[in-house]
4 protein chains.
Amino acid sequence: MTGEARPLRADAQRNRARVLEAAEVVLARDGLSASMRTIAQHAGVGLGTIYRHFPTQEALYQAVIIDRMQRLIAEADALLAADDPGAAFFEYFTRIVENATQKKTLADVLAEADIDPKAGMADISRDMRDVIEKLLIRAQKAGAVRQDLHMPELLALLAATCMAAERNQWSDELRTRTLSILFDGLRSHH
Amino acid sequence: MTGEARPLRADAQRNRARVLEAAEVVLARDGLSASMRTIAQHAGVGLGTIYRHFPTQEALYQAVIIDRMQRLIAEADALLAADDPGAAFFEYFTRIVENATQKKTLADVLAEADIDPKAGMADISRDMRDVIEKLLIRAQKAGAVRQDLHMPELLALLAATCMAAERNQWSDELRTRTLSILFDGLRSHH
Amino acid sequence: MTGEARPLRADAQRNRARVLEAAEVVLARDGLSASMRTIAQHAGVGLGTIYRHFPTQEALYQAVIIDRMQRLIAEADALLAADDPGAAFFEYFTRIVENATQKKTLADVLAEADIDPKAGMADISRDMRDVIEKLLIRAQKAGAVRQDLHMPELLALLAATCMAAERNQWSDELRTRTLSILFDGLRSHH
Amino acid sequence: MTGEARPLRADAQRNRARVLEAAEVVLARDGLSASMRTIAQHAGVGLGTIYRHFPTQEALYQAVIIDRMQRLIAEADALLAADDPGAAFFEYFTRIVENATQKKTLADVLAEADIDPKAGMADISRDMRDVIEKLLIRAQKAGAVRQDLHMPELLALLAATCMAAERNQWSDELRTRTLSILFDGLRSHH
DNA sequence: GATGAATGAGTGTTCATTCAT
DNA sequence: TATGAATGAACACTCATTCAT
């Protein structure tokens, strides 16, 4: 009833979080060959504990991705209110790619954002898509982004960049240089 | 060393080719979950035959990729002699992405072209890299591509586009639109 | 022994009964693949509560069986005082088989009644045996059942019929017809 | 090429037989809790070898049962040509129950013979059924078995007896006595 | 050289049981 | 006392790889 209350439930929440975190780390390290057993060890919990929180390996993976997308989507709010719509747009693009570089596994979802609205992923994908679309429209209205850029190719480029950044562990410098080139293609040619 | 002719050699070559081809098809269809047995069945050979030619699953996959890269590299020759160096450069970029869309599995290697020169892949990756570099330099000299575009970011963008095209099965239209945007970023701003 | 009343004892008894009932239902439905968790859910109690009352899955199953045997044994009392000992004997046999058809899981114990006096089962099995024996002797004295029928083969036939009825879910008609044949074998040939 | 030829194939056949035999033994000993690993160890083969021959645990179990039924069905041929149809009928019934006592696991199928024609079991069950029906009809024509005995109750009684004999490991004496009683019920009352 | 039977480590998943709350 | 979160042994099954034929 107080701030510190409900210790049992708290422990469970804590384990859930530990599993999620471990899954993120192990997935980043081992890729798709990560095993549930390894994740359990990494999280310092029993194998069964994972299954208490996530009924399936796939469910766990989805939860990892959803978790990260939620955080990313939350970051967009501030940018949607930013003074410079163009800067906001490019910053968010950059932020997403940075995130992929660090954490991996995001790309797959972004990849499917425009394509495969599977299971519980559908909603969150749509949310991400919507947020990106809003930033795009604002930036276009401000004349910072070319008018003939539409969502399909924007998502395609975003997904592509994330995948490569994640897979090849782009350095900060490479990311900067690469995005700089890419952004030149997205900007208005007055 | 032997007095006899080598009719079997022809058969062996044939089997090797059959396995390679089957591996390409099955990898494209089943992705990483493709099994050696499936490939053997598809090739119409015994499981052991695969192992005679390729010591390891990984070796087979590498061979598939090398095979495709060789063909892609060969395609570059004509373009290196083309009249319009800019068009040649963009055409080759497009060609590689098309290839990824159709056949899958290429992206991974391209991805690593600038990074992970593992095993026998090193040489062919370097060849590919060289060919691309030559096309780039010609195009830059002709003023068709910006001077400040260097190999790392070019390869990064190429890898990114291939991965996404392969994974998300870009339609012809999406590929055209996406590359059009991207190419605007690569071009010279006079 | 304590100075306090025991209102909780009533709750405990109630939970024990609920678990027992749920176990019967779930065992009938799911057979041996029934899980403790399912039973707990069905009973509307926590998993731990089952273990408070029954230390082991096996103990619970035994309790279910003992419970049912007790009820069956109780039914025998009236028949032991019945006017027609022959009818009483055959009716009880029939009743037991009917019970097996409806509820499942009884057969296994009956099966072991003459054989495996394990754990707390021993007593109740003996009670059941005694009651059957009494009915048999009365029926034999009344000339309704052949003299050379002894307990081992009677129990064997009873167990056999229960198992099959339970496993194959005999219809009422099949049970009637089958027992009719069987009973002809048990009757006296004058 | 001679009687001893084809060693490779022979080995495979041999392993299949070994697995089948081991499965029979282990199933008899451990019941349904028998594990594939245990069977493999018992057979002296690797775990994968079982799966080479039987795609599924269920498939293996079915194969065990089918194997035994085939042998039993083969035994019926001689009896179908016997001089005394009544004796032949009762002998076959006895033979099947004996078999169940020794080997276990047969009962389940017999149980389902009249009921659940699942998968590849259907044919062999039908064969068994047919053979029993032929023996029954001959015995009825010879006046040795009551006319009003029909297949459903005959199969029910056979299944029942097999189950109990198998589960409770009837001694020879118990089997003789029990069947003797039962057969009195099957015979004609002139 | 070609075959495919054999192998067993490894995987995802279930479930009886324990114990902190 | 009741709860259900945690545990991990156990299971069916897959698949890269080896090797006898």
Side-chain angles (χ1 to χ4, degrees), chain A residues 6-16 19 33-41 44-58 60, chain B residues 6-9 11-12 15 33-41 45-60, chain C residues 7-9 11-12 15 33-41 44-60, chain D residues 5-16 19 33-41 44-60:
Chain A
R6 306 223 188 91
L8 181 68
R9 210 58 167 235
D11 264 37
Q13 276 313 63
R14 185 156 222 265
N15 270 342
R16 204 194 119 100
V19 169
S33 74
S35 85
M36 294 298 265
R37 210 164 246 98
T38 306
I39 293 172
Q41 279 159 2
V45 303
L47 192 41
T49 302
I50 297 188
Y51 283 93
R52 162 161 299 276
H53 294 288
F54 309 96
T56 283
Q57 186 180 55
E58 200 184 341
L60 171 60
Chain B
R6 312 211 189 99
L8 294 178
R9 203 47 165 256
D11 268 34
N15 272 343
S33 74
S35 83
M36 295 299 266
R37 183 161 263 108
T38 307
I39 294 173
Q41 278 159 0
V45 305
L47 195 41
T49 303
I50 295 188
Y51 282 91
R52 167 156 304 275
H53 294 289
F54 310 95
T56 288
Q57 185 179 54
E58 200 184 340
L60 169 60
Chain C
L8 296 177
R9 203 49 165 253
D11 268 35
N15 272 343
S33 75
S35 83
M36 294 298 264
R37 183 161 263 108
T38 307
I39 293 173
Q41 279 160 359
V45 304
L47 197 39
T49 303
I50 296 188
Y51 282 91
R52 167 157 304 275
H53 294 289
F54 309 96
T56 291
Q57 184 178 56
E58 200 184 342
L60 170 60
Chain D
R6 304 225 188 91
L8 181 67
R9 209 57 165 236
D11 264 34
Q13 278 310 65
R14 187 156 221 265
N15 270 343
R16 203 194 118 100
V19 168
S33 74
S35 86
M36 295 298 265
R37 195 164 254 102
T38 306
I39 294 173
Q41 279 159 1
V45 304
L47 190 44
T49 304
I50 296 188
Y51 284 93
R52 163 160 297 277
H53 293 289
F54 308 96
T56 281
Q57 185 180 53
E58 200 184 341
L60 171 59

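This is a predicted model, so every value here is computed, not measured. Residue numbering restarts at 1 for every chain, and letters A, B, ... go by the order of the sequence lines.
Counting to the nearest Å, the P atom of dC11(F) and the CG atom of L60(D) are 15 Å from each other. If you measure from atom CZ of R37(C) to atom P of dT18(E), you get 14 Å, rounded to the nearest angstrom. Whole-Å rounding puts the Q41(D) CD to dC11(F) P distance at 10 Å. Look at CG on D11(D): it is 16 Å from P on dC19(F), rounded to the nearest Å. Between the CD1 atom of I39(A) and the P atom of dG10(E) there is a distance of 17 Å, rounded to whole Å. Between the CE atom of M36(B) and the P atom of dA6(E) there is a distance of 20 Å, rounded to whole Å.
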- prompt: For DNA chain F, what string of dots and brackets results from 5' to 3' when Watson-Crick and G-U pairs need both distances under 3.5 Å, crossing pairs get [ ], and pairs with another strand get |?
  reply: .||||||||||||||||||||
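With distances taken from any side-chain atom of Q57(A) to the nucleotides dT3(F), dA6(E), dG12(E), the minimum falls on dG12(E). For S35(A), the listed nucleotide lying nearest its side chain is dT11(E); candidates were dT11(E), dA12(F), dA6(E).
Heavy-atom distances to DNA chain E give each of V45(B) and S33(A) a nearest nucleotide, and the one nearer the 5′ end belongs to V45(B).
Between I39(A) and V19(A), the shortest heavy-atom contact is CG2-O, 4.2 Å.
The shortest distance between the side-chain N/O atoms of N15(C) and the OP1/OP2 oxygens of dA2(F) is below 4.0 Å.
For T56(C), the side-chain contact (heavy atoms from CB on, under 4.5 Å) criterion is met by E58(C), A59(C), not counting sequence neighbours.
Side-chain contact check for Q57(A) versus I50(A): every heavy-atom pair is 4.5 Å or farther apart.
At the heavy-atom level, A59(D) lies nowhere under 4.0 Å from the strands shown.
For DNA chain E, the residues of residues 47-56 of chain D within the heavy-atom distance limit of 4.0 Å (strictly under) are L47(D), G48(D), T49(D), R52(D), H53(D), sorted by number.
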- prompt: Which is it for H53(B) and L60(B) under the side-chain contact (heavy atoms from CB on, under 4.5 Å) test, yes or no, and what are the steps along the way?
  reply: CA-CA 8 Å; H53(B) 294 289; L60(B) 169 60; over 6 Å; no
